[in-house]
Amino acid sequence: MAPRVLMVAEKPSIALSVATVLSGGRMSTRRGSTDVHEFDGVFLGHCAQYKVTSVIGHVFSVDFPPKYQNWDVTDPIDLFEAPVLKSEANPKAHISRHLHQEARGCDYIVLWLDCDREGENICYEVIECIGVHESEVGKKIYRARFSSVTEKDILKAMNNLVEPNKDEALAVDARQEIDLKVGVAFTRFQTRYFQGKYGNLDSRVISYGPCQTPTLGFCVQRYLQITTFKPEKFWSLHLYIMKDSYELQLEWERKKIFDFDVAVMFQKMVVNDGTLKVTNVSTTEECKTRPCGLNTVNLLKVASSALGLGPQVAMQVAERLYTQGFISYPRTESTAYPASFDFQGTVEALQYNPALREYVQALLVNGFQKPRMGSDAGDHPPITPMKSASEDMLGNDAWRLYMYICQHFIGSISHDCKYTRTKVEFESGAELFCVVGQHVTCKGFTSIMPWMAVNEKKLPQFLRGERIKMMKVDIYEGNTTPPDYLSESELISLMEKHGIGTDASISVHINNICERNYVQVNAGRRLVPTALGTALIRGYQCIDPDLCLPDIRSFIEQQITLIAKGKVNHAWVVRHALQQFMQKYSYFVKQIERMDALFEAQFSPLADTGRLLSKCGKCTHYMKYISSRPSRLYCVTCEEVYSLPQNGSIKLYKELACPLDGFELLLFSTGGPEGKSFPLCPYCYNSPPFEGIEKLLPGSSAKPGMPCSLCPHPTCRHSLISQGVCACPECGGGGGGTLVLDPVSAPKWKLCCNICNCLVLLPQGAHRISTTGKRCPDCDSAVLEVDFNKKTTPLAGGATLHAGCILCDELLHSLVEMKHGRSMFRRGRGRGRGRRPGGGRGRGGDPKMSFRDF
DNA sequence: GCAAGGTC
């Protein structure tokens with residue numbers, strides 16, 4: 001039988017290109033998690049059946065196990081030695097399952113991931129999904145190495161298959177683990193420390209990261225240069241002459257001097273001389289070179305400085321242009337065009353663009369220039385237009401960005417700009433002056449990129465030895481000025497220079513420091529640090545400047561490069577790097593008061609912030625509601641902070657207290673037309689899930705990590721304690737009671753009303769219980785869904801999901817109704833009743849214990 | 001809630 005070959009690319013577009021080239025365009029396509037292209041061909045000299053599919057970037061991402069997810073119970077320092085887990089980055093896409101299924105029955109795997117470290121790492125993610133042992137690498141699993149997705153490169157790669165490089169993949173594993181542990185440990189510590197003290201920081205988290213923090217560092221460094229700048233007076237000579245009815249101001253060779261008396265002395269020397277002699281006239285041919293191919297960093301810089309588009313927006317627009325086929329892949333480091341690049345075709349496509357037509361046609365007639373040699377990072381070709389477009393097709397921002405990409409591309413294959421530069425030098429009283437003129441002889445690429453044009457500056461004719469009459473010699477008094485705030489475009493250059501982030505992530509880091517309120521983007525897209533951003537960086541500078549220096553990234557890079565080159569063992573490097581960061585972390589924690597001194601000077605203590613809202617269950621005093629991000633409650637007496645759900649409003653809920661802890665209940669509401677609201681107890685909301693259960697119930701069967709399926713709150717992070725399950729059947733109509741899972745007997749699945757203390761038993765052995773929003777047709781009580789484990793409760797039809805009324809003994813009807821669209825109402829027998837103090841206004845007739853006991 | 005890196 002013909003061998004079967006599965007090929008996996010990094011993204012669907014590359015899978016399509018590879019399949020198209022290798023099949024000569026004759027393949028069939030099957031839709032799946034990602035498309036699968038099938039065709040017959042030749043593999044290693046035999047006829048073979050091919051399938052080509054792709055992942056969508058990384059399949060897995062790395063995180064801590066659930067045990068370490070709770071900020072309340074995990075000391076951040078433990079994170080450095082915690083295990084890390086890889087889980088599917090996008091579980092909904094089912095990429096892992098897709099690869100496993102497609103690989104079944106295949107004899108060979110060929111990996112077409114991007115040829116960089118990340119790509120090498122994804123190779124091994126694919127190998128993991130496929131479920132093949134790594135010992136098969138080289139026998140069954142091959143790596144295609146290609147530098148561009150062109151026919152020539154694809155065929156060449158196919159004929160030169162190699163093995164994936166495990167060391168490079170391990171280097172990425174190391175980077176992921178170090179970034180995760182360092183970033184999360186510092187972030188959690190800082191966030192809790194400062195948000196537990198100040199009420200007006202206005203940021204959801206006080207984050208730290210080896211890329212985002214140095215990025216912020218650059219902005220603050222410039223800010224500090226500005227604030228500590230002391231202007232100085234300076235003086236300079238302005239000498240004016242008249243020649244052939246041109247009035248000219250000459251440049252003084254000394255530019256400026258900082259002593260007035262000396263400036264006066266020089267002025268006198270010139271005035272006393274009275275004549276100005278031309279000492280030299282020189283003319284040079286100058287050349288302004290055309291640009292190389294456009295890469296992401298340069299695109300982002302132009303987008304920010306010339307088009308006023310921030311990096312985040314620019315990348316979004318560029319991605320849309322890419323997916324619509326107007327431009328090539330927008331994330332690339334390379335500025336060199338591949339040898340096989342189709343310049344002719346690309347130029348021809350642009351002649352239909354009215355704005356470019358004239359220039360493009362001239363280029364086609366006169367021939368275009370070979371582009372300058374750029375740098376080839378081995379990733380993707382430079383960003384180029386792929387087809388013609390009009391403003392109507394794209395919309396304003398996309399059109400401007402697209403036009404820039406076209407202009408840059410055309411510029412890169414146009415002539416250089418040529419001009420002559422004439423410098424005339426003068427002397428008077430032993431002081432030297434000069435004037436410079438420029439004359440463009442060939443506009444070249446500046447015709448299509450007019451903002452790059454060389455300024456014409458005409459000069460009258462001067463002859464060497466000529467004596468010129470001076471009009472006047474003034475002393476100009478000026479002040480030195482500080483630099484401006486860092487522009488976004490300068491920041492991108494600095495990040496690139498120091499290796500902070502990648503073409504794909506630079507925009508994300510900049511966006512992060514804006515969103516977290518560390519910097520603000522001012523007019524002209526200049527970045528001004530906020531009080532928070534400044535306090536953070538100045539704090540690191542006090543405690544441990546390494547933490548905010550760009551070298552922190554290069555340190556990690558240099559460490560993992562040792563792994564990539566196979567020089568040092570992966571585990572050793574990770575352990576060593578983490579040990580160093582752990583020491584830095586401990587020192588930082590010990591010294592945090594030095595950073596805090598800066599915060600103290602800028603921000604208000606929690607006690608001075610917010611307004612009184614609801615009563616604390618511990619001390620019965622009113623607690624303060626802090627409305628600035630992140631909104632939270634603060635008890636001044638107990639000095640405790642209680643976090644609240646975010647992005648909504650909070651108000652007192654009927655002045656009712658939680659029956660469990662005495663804290664006054666609150667009502668949280670989200671805005672908008674589909675706004676939701678639910679009541680919550682601030683103490684329960686902040687209760688560590690397992691601690692509480694275990695304290696209350698020795699020998700509890702609750703397992704760490706068991707998710708809370710009862711709590712309908714989208715923000716709920718409880719496991720077994722929750723609120724607001726459903727309306728209480730006793731007082732639900734008028735009293736507003738809500739059934740909560742009774743924490744005392746949680747593993748026994750009981751519900752307890754927070755108003756009237758009514759207890760409702762739930763079926764045992766269920767592993768998930770949730771609300772349906774439906775009402776029992778018999779007694780009008782809430783209907784719950786109960787999910788049983790098949791093993792413990794085999795039921796007719798293999799059904800595992802049941803729903804029933806919490807008061808009547810009816811259990812199965814709603815399920816059947818849901819499954820078959822009709823009600824099969826089977827009434828069972830009640831087995832007594834739950835504790836129900838107060839009686840209430842039961843609507844279900846004779847109140848019974850709910851649900852049959854399974 | 002947290003990092004940085006892929007990609008959509």
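Only heavy atoms go into these numbers, but all of them, side chains included; no hydrogens, no water, no symmetry mates. Below, chains carry the letters A, B, ... as their sequence lines are ordered, and counting in each starts from 1.
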K.L.:
Please check the phosphate of B:dA4 (OP1 and OP2 only) for any side-chain N or O of A:T502 closer than 4.0 Å.
P.N.:
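A:T502 to B:dA4 OP1/OP2: no side-chain N or O under 4.0 Å.
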K.L.:
Could you check whether A:D114 gets within reach of a base, just the sugar-phosphate, or nothing at all, counting any heavy atom under 4.0 Å?
P.N.:
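A:D114: backbone/sugar contact only, no base atoms under 4.0 Å.
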K.L.:
Hey, does A:V59 reach any base, or is it just sugar-phosphate, or nothing, if we go heavy atoms under 4.0 Å?
P.N.:
nothing
K.L.:
Considering only B:dC8, B:dA3, B:dC2, which nucleotide approaches the side chain of A:L180 most closely?
P.N.:
B:dA3
K.L.:
Return the value, rounded to whole Å, for the distance between atom NE2 of A:H58 and atom C1' of B:dG5.
P.N.:
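My rounded result for the distance is 5 Å.
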K.L.:
With sugar-phosphate meaning primed atoms plus P, OP1 and OP2, does A:P630 contact a base, only sugar-phosphate, or nothing at under 4.0 Å between heavy atoms?
P.N.:
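Nothing, no heavy atom under 4.0 Å.
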K.L.:
Looking at every strand, decide which applies to A:R516 at a 4.0 Å heavy-atom threshold: base, sugar-phosphate, or nothing.
P.N.:
sugar-phosphate
K.L.:
Using the rule side chain to side chain contact (heavy atoms under 4.5 Å, CB included), only one of A:I206, A:D596, A:L532 pairs with A:Y198; which is it?
P.N.:
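Among the candidates, only A:D596 passes.
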K.L.:
Counting heavy atoms from C-beta on, name the nucleotide in B:dA3, B:dG1, B:dT7 closest to the side chain of A:W71.
P.N.:
B:dG1
K.L.:
Centroid separation under 6.0 Å, is that true for the rings of A:Y540 and A:Y208?
P.N.:
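Ring centres of A:Y540 and A:Y208 closer than 6.0 Å.
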K.L.:
Is there a donor in the side chain of A:S505 and an acceptor in the side chain of A:R331, or the other way round, less than 3.5 Å apart?
P.N.:
no
K.L.:
Would you indicate which nucleotide in B:dT7, B:dG5, B:dC8 comes nearest to any side-chain atom of A:R175?
P.N.:
B:dG5
K.L.:
Tell me which of A:T323 and A:V62 sits closer to the 5' end of DNA chain B, going by the nucleotide each one is nearest to.
P.N.:
A:V62
K.L.:
Consider side chain to side chain contact (heavy atoms under 4.5 Å, CB included). Of A:V55, A:I141, A:I95, which one does A:V126 pass it with?
P.N.:
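Considering A:V55, A:I141, A:I95, a side chain to side chain contact (heavy atoms under 4.5 Å, CB included) with A:V126 is found only for A:V55.
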K.L.:
Looking at A:Y329, I'd like to know whether one of its side-chain N or O atoms comes within less than 4.0 Å of OP1 or OP2 on B:dT7.
P.N.:
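Yes, A:Y329 has a side-chain N/O under 4.0 Å of OP1/OP2 on B:dT7.
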K.L.:
To the side chain of A:Y322, which of B:dA3, B:dC2, B:dC8 is closest?
P.N.:
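Nucleotide nearest to A:Y322's side chain: B:dC8.
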K.L.:
Rounding to an integer number of Å, can you tell me how far A:Q190 CD sits from B:dC2 P?
P.N.:
14 Å
K.L.:
At 4.0 Å (heavy atoms only), tell me whether A:Q69 reaches a base, stays on the sugar-phosphate, or touches nothing.
P.N.:
base
K.L.:
Just compare B:dA4, B:dC2, B:dT7 and give me whichever is closest to any side-chain atom of A:Q212.
P.N.:
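Closest of the options to the side chain of A:Q212: B:dA4.
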K.L.:
May I ask you to verify if any side-chain N or O of A:T191 is less than 4.0 angstrom from the OP1 or OP2 atom of B:dC2?
P.N.:
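Indeed not, no polar side-chain atom of A:T191 lies that close.
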K.L.:
Does a side-chain N or O of A:R331 approach OP1 or OP2 of B:dT7 to a distance below 4.0 Å, or not?
P.N.:
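So the side chain of A:R331 is within the cut-off, an N or O lying under 4.0 Å from OP1 or OP2 of B:dT7.
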K.L.:
Taking 4.0 Å as the cut-off, does a side-chain nitrogen or oxygen of A:R204 come that near to OP1 or OP2 on B:dC2?
P.N.:
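Result: yes.
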K.L.:
Salt bridge or not for A:K86 and A:E177, using N-O below 4.0 Å?
P.N.:
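Result for this pair is no, no salt bridge flagged.
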K.L.:
Look at the rings of A:Y329 and A:H380 and say which category their plane angle falls in: under 30° parallel, 30 to 60° tilted, over 60° perpendicular.
P.N.:
tilted
K.L.:
With heavy atoms under 4.0 Å as the rule, sort A:F581 into base, sugar-phosphate or nothing.
P.N.:
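Answer is nothing: A:F581 stays at 4.0 Å or more from every strand.
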K.L.:
Can you see if the side chain of A:H509 gets near the phosphate of B:dG5 - specifically, an N or O under 4.0 Å from OP1 or OP2?
P.N.:
yes
K.L.:
Can you identify which nucleotide, out of B:dC8, B:dA3, B:dG5, has its nearest atom closest to the A:E319 side chain?
P.N.:
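For A:E319, the side-chain atoms sit closest to B:dC8.
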K.L.:
Tell me what A:Q195 touches on the nucleic acid: a base, only sugar-phosphate, or nothing, going by heavy atoms under 4.0 Å.
P.N.:
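If one applies the 4.0 Å heavy-atom cut-off, A:Q195 turns out to touch a base.
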K.L.:
Whole angstrom is fine here: how far is it from CH2 in A:W112 over to C1' in B:dG6?
P.N.:
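Atom-to-atom, A:W112 to B:dG6, this comes out as 20 Å.
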K.L.:
To the nearest angstrom, how far is A:L216 atom CG from B:dA3 atom P?
P.N.:
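Spelled out: CG on A:L216 to P on B:dA3 is 13 Å.
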K.L.:
I need the NE2-P distance between A:H380 and B:dT7, as an integer number of Å.
P.N.:
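Nearest whole value for this atom pair: 6 Å.
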K.L.:
I want to verify a distance call: between B:dA4, B:dG6, B:dC8, whose nearest atom is closest to the A:A504 side chain?
P.N.:
B:dG6
K.L.:
Looking for any heavy atom pair under 4.0 Å, which part of the strands does A:Y208 touch: base, sugar-phosphate only, or nothing?
P.N.:
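Answer is sugar-phosphate: A:Y208 comes under 4.0 Å of backbone atoms only.
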K.L.:
Give one of base, sugar-phosphate or nothing for A:P76, where a contact means two heavy atoms less than 4.0 Å apart.
P.N.:
nothing
K.L.:
Round to a whole Å and report the spacing from CZ of A:F555 to P of B:dA4.
P.N.:
16 Å
K.L.:
Over all strands shown, is A:G501 touching base, sugar-phosphate only, or nothing at heavy-atom distances under 4.0 angstrom?
P.N.:
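Sugar-phosphate contact only - A:G501 comes under 4.0 Å of backbone atoms but never of a base.
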K.L.:
Whole Å only: how far is the CD atom of A:Q176 from the P atom of B:dC2?
P.N.:
18 Å
K.L.:
Which is more 5' along DNA chain B, the nucleotide nearest A:S13 or the one nearest A:S61? Just name the residue.
P.N.:
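The answer here is A:S61.
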K.L.:
Can A:S628 and A:D202 be counted as having a side-chain donor-acceptor contact under 3.5 angstrom?
P.N.:
no
K.L.:
Determine, step by step, whether A:E120 and A:R143 satisfy the salt bridge (Lys or Arg N to Asp or Glu O under 4.0 Å) criterion, reporting the C-alpha distance in whole Å, the side-chain angles of both residues, the deciding distance to 0.1 Å, and the verdict.
P.N.:
CA-CA 9 Å; A:E120 227 56 38; A:R143 170 83 161 111; 2.8 Å; yes
K.L.:
Of the nucleotides B:dC2, B:dA4, B:dC8, which has the atom closest to the A:N512 side chain?
P.N.:
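It is B:dA4.
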K.L.:
To the nearest angstrom, how far is A:I560 atom CD1 from B:dA3 atom C1'?
P.N.:
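Answer to the nearest Å: 14 Å.
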